[in-house]
Amino acid sequence: MSKLYQQCTRCIMDTTVPGIRFDGRGECNFCALHDKMDRAFPLGEAGARHVQEMVADMKRLGKGKKYDCVLGVSGGRDSSFTLWYCVVKLGLRPLAVHFNDGFGNPVAGENMVKACRKLGVEMRTITSDWRESKDLKIAFLKASVPDMEEGTDVGIATALYGVAAKEGVQRIVIGQSFRTEGIAPLSWNYLDGKYLKAVHKQFGTVPLRPWKPADPGFHLDIKEMFYYAFIRRIKTVTLLYHVDYVRAEVDELLARELEWVNPGAHYFDDLYQSVIYYLNRTKFNIDRRLFNYSALVRSGQMPREVALERVRHVNVIEDEKVIDLCIKRLGLTRQEFEQIVAAPPRTFRSYPNNYELIRLLKWPIKLLSQFRLIPESAYDKYFNCGT
């Protein structure tokens, strides 16, 4: 008998989410995780003190160097605000790093160029080998898993760590907040270098470039993380965890200060998200807005009724013209694409990965998260966001 449908009484997460559990009040474990993180990463005066401590640390390490930190940019709202905040409000000297996999939204690209020019920030674009990038996307389509952006996610992370290592910078600023974005369920978005290589080995056709510390390509496995964290002593800074960042109030500020233009939807700085949202909905019965909107509901930035109404409709990011453009950019016909994605749905567990090893390393990973040697959300991602 199929599991009875249930939806959280506080947010909009429901039983389509793997690993979801409900307490006696009908609230889900993702709400409990949010509350735990809300206490661990306070806003207000305590948050401001923590931000100043992080800024002092970055400026101390950046003394005598060209940059205080590396900051990932995409041209979207969150990274654009983080860049502005770092420069204007905190007086930091970031090196903006963008990972280009060939599917960037031109509107977002213009946003990055304008923002960096106005703020006097150097922007460095790391462009992936187009053959590798395209081949990985097709490989993950053939793997029939929902985390189809694995190559780009790993590519972004390795670009940030690679540039930081090359420039001798020890802090990477991440423009993400659990209060506005949430944390994706594990089986919807599993990040693991071994998993990527396993899928590539089975379905890829273009050899991956070998890993080099300052030119890592699509490699970010446990040994690479050990190198960056312990040899190069690079830490991540989740700045927005401690800043009262209200997404609905930011567009006007960014338009005024940086001539920023909304790319069209959250995550639409990446055109390939059209394909991802379309396949997640039609093939995997996944609506990624559940964890995004739920975060905004918990944070008081979106009424629950509004979130419920929005998910009744197909996400505007599913633009048929953009989907066709992406398929063509992959070098596939629509018929070839449909044949590939007709395979039965799978998850990362269908392929070799590091998950069991990660489970064995639960407490070391918790310590690494607390000391920011890996992103602070990493522990919760692997141990509190599904099974």
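Just so you know, these numbers come straight off a predicted model, no measurement behind them.
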Quiz item: Should Thr152 and Lys137 be marked as a side chain to side chain donor-acceptor pair (under 3.5 Å) after you check the CA-CA gap, both sets of side-chain angles, and the distance that decides it?
Solution: CA-CA 9 Å; Thr152 297; Lys137 279 184 164 52; 2.9 Å; yes
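- Side chains of Leu83 and Met112 form no contact here, defined as non-hydrogen atoms less than 4.5 Å apart.
- Between atom CG of residue Asp135 and atom CZ of residue Phe140 there is a gap of 11.0 Å, rounded to the nearest 0.5 Å.
- In summary, Arg312 and Glu309 engage in a salt bridge, as defined by a charged side-chain N under 4.0 Å from a carboxylate O.
- Taking the charged nitrogens against the carboxylate oxygens, Glu167 and Lys66 have no contact shorter than 4.0 Å, which rules out a salt bridge.
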Exercise. Would you sort out whether Asp78 and Arg247 count as a salt bridge (Lys or Arg N to Asp or Glu O under 4.0 Å), showing the intermediate values?
Key: CA-CA 8 Å; Asp78 296 349; Arg247 183 173 280 167; 2.9 Å; yes
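- Other residues, nucleotides and ligands contribute more than 12 heavy atoms inside 6.0 Å of the NZ atom of Lys36.
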Quiz prompt | From CA spacing to verdict: side-chain contact (heavy atoms from CB on, under 4.5 Å), Phe230, Met225 | solution = CA-CA 8 Å; Phe230 293 100; Met225 283 304 302; over 6 Å; no
Run the side-chain donor-acceptor check on residues 58-65: report pairs under 3.5 Å with partners two or more places apart or on a different chain.
residue : atom : partner : partner atom : Å
Lys59   : NZ   : Leu90   : O            : 3.2
Arg60   : NH2  : Asp57   : OD1          : 3.0
Lys65   : NZ   : Gly168  : O            : 2.8

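- Contact annotation: the side chain of Tyr190 approaches that of Tyr195 to within less than 4.5 Å [non-hydrogen atoms, C-beta and beyond].
- The distance from atom CZ of Phe371 to atom NZ of Lys366, rounded to the nearest 0.5 Å, is 12.5 Å.
- Cluster annotation: Phe81 and Phe41 are assigned to distinct hydrophobic clusters (Ile/Leu/Val/Met/Phe/Trp/Tyr, side-chain heavy-atom contacts under 4.5 Å, transitive).
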Quiz prompt | Trace of the side-chain contact (heavy atoms from CB on, under 4.5 Å) decision for Leu239 with Cys86 | solution = CA-CA 9 Å; Leu239 185 69; Cys86 281; 3.7 Å; yes
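- Looking at every heavy atom in both residues, Gly175 comes nearest to Thr82 through CA-OG1, 3.4 Å.
- One N or O on the side chain of Asp23 and one on the backbone of Glu27 form a donor-acceptor pair closer than 3.5 Å.
- The CD atom of Glu336 lies 9.0 Å from the CD1 atom of Ile138; values are rounded to the nearest 0.5 Å.
- Remark: the Lys283 side chain and the Ser144 side chain contain an N/O donor-acceptor pair separated by less than 3.5 Å.
- Between Phe291 and Trp188, the angle of the ring planes lies from 30° to 60°, which puts this pair in the tilted group.
- Within the 4.5 Å cutoff, the side chain of Glu356 has no heavy atoms near those of the Leu360 side chain.
- In this structure, the separation between CH2 on Trp260 and CG on Leu253 is 11.0 Å, given to the nearest 0.5 Å.
- Using modelled atom types and a 3.5 Å distance limit, the side chains of Glu122 and Tyr67 yield a donor-acceptor pair.
- Without hydrogens or angle criteria, His200 side chain to Val206 main chain gives a donor-acceptor distance under 3.5 Å.
- The main-chain N or O of Arg77 is never found under 3.5 Å from a side-chain atom of Ser80 such that the two would form a donor-acceptor pair.
- Proximity of Glu257 to Lys118: side-chain heavy atoms (C-beta onward) are nowhere separated by under 4.5 Å.
- Summarising the geometry of Leu361 relative to Pro364, their closest heavy-atom pair is O-CD, 3.2 Å, with the distance given to 0.1 Å.
- Distance CD/Glu338 to CG/Leu332: 11.0 Å, rounded to 0.5 Å.
- Arg334 CZ: more than 12 foreign heavy atoms inside a 6.0 Å radius.
- There is no side-chain donor-acceptor pair under 3.5 Å between Tyr245 and Arg179.
- If you take CG on Asn315 and CZ on Phe268, they are separated by 9.0 Å, rounding to the nearest 0.5 Å.
- One hydrophobic cluster, built from ILVMFWY side chains closer than 4.5 Å, cannot hold both Val316 and Val311; they sit in different ones.
- Counting heavy atoms from C-beta outward, Arg289 and Ile12 have side chains that stay 4.5 Å or more apart.
- A donor-acceptor distance shorter than 3.5 angstrom exists from the side chain of Asn29 to the backbone of Arg21, with no hydrogens or angles considered.
- Between the Tyr351 side chain and the Ala143 main chain, a donor and an acceptor come within less than 3.5 Å of each other.
- Side-chain contact annotation: Lys321 with Ser274, donor-acceptor N/O pair under 3.5 Å absent.
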Practice problem: Verify side-chain contact (heavy atoms from CB on, under 4.5 Å) between Asn292 and Glu181, making sure each step is shown before the conclusion. | Solution: CA-CA 5 Å; Asn292 289 151; Glu181 197 163 4; 3.6 Å; yes
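- Looking only at atom types and distance, the side chain of Asn353 has no donor-acceptor partner in the side chain of Asp192 under 3.5 Å away.
- When the side chains of ILVMFWY residues are joined at heavy-atom separations under 4.5 Å, either directly or via intervening members, Tyr227 and Val163 end up in a single hydrophobic cluster.
- A donor atom on one side chain and an acceptor atom on the other are not found under 3.5 Å apart for Tyr272 and Asp101.
- Under the 3.5 Å distance criterion, the side-chain polar atoms of Ser177 are left unmatched by any main-chain donor or acceptor of Tyr241.
- Of all non-hydrogen atoms in Met13 and Arg298, the two that sit nearest each other are CG-NH2, 3.8 Å.
- Under a cut-off of 6.0 angstrom, the local environment of CD in Gln335 is sparse, with at most 12 non-hydrogen atoms contributed by other residues, nucleotides or ligands.
- A single hydrophobic cluster is seen to contain both Ile327 and Leu279, as judged by linkage of ILVMFWY side chains at heavy-atom distances under 4.5 Å, directly or through other members.
- Taking 4.5 Å as the limit, every side-chain heavy atom of Val199 sits out of range of all side-chain heavy atoms of Glu150.
- A distance-only check finds a donor-acceptor pair linking the side chain of His98 to the backbone of Val73 [under 3.5 Å].
- The closest donor-acceptor contact from the side chain of Asn111 to the backbone of Gly75 lies under 3.5 Å.
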Quiz item: Leu208 and Leu196: side-chain contact (heavy atoms from CB on, under 4.5 Å), yes or no, with the steps?
Solution: CA-CA 11 Å; Leu208 296 178; Leu196 180 146; 4.0 Å; yes
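- Panel note: side chain Arg304, backbone Cys11; a donor-acceptor pair is recorded below 3.5 Å.
- When each of Thr282, Val275, Ile276 is paired with Tyr278, the side-chain contact (heavy atoms from CB on, under 4.5 Å) condition holds for Thr282 and for no other.
- Side-chain atoms of Gln301 never come within 3.5 Å of backbone atoms of Thr180 as a donor-acceptor pair (strictly under, hydrogens ignored).
- Each of Val87, Leu71, Leu95 was evaluated against Val121; a single residue qualifies, Val87, per the side-chain contact (heavy atoms from CB on, under 4.5 Å) test.
- At a threshold of 4.5 Å between non-hydrogen side-chain atoms, the residues Leu186 and Phe348 count as touching.
- Val88 is connected to Val173 through a chain of hydrophobic side-chain contacts under 4.5 Å among Ile, Leu, Val, Met, Phe, Trp and Tyr, so both are in one cluster.
- Looking at heavy atoms from C-beta onward, Arg117 lies in side-chain contact with Lys114 at the 4.5 angstrom threshold.
- When all heavy atoms are compared, the tightest approach of Met148 to Phe284 is CE-CE1, 4.4 Å.
- Listed here is the closest heavy atom pair of Ser299 and His34: OG-CE1, 3.5 Å.
- When only modelled atom types and interatomic distance are considered, Thr347 and Ser187 share no side-chain donor-acceptor pair under 3.5 Å.
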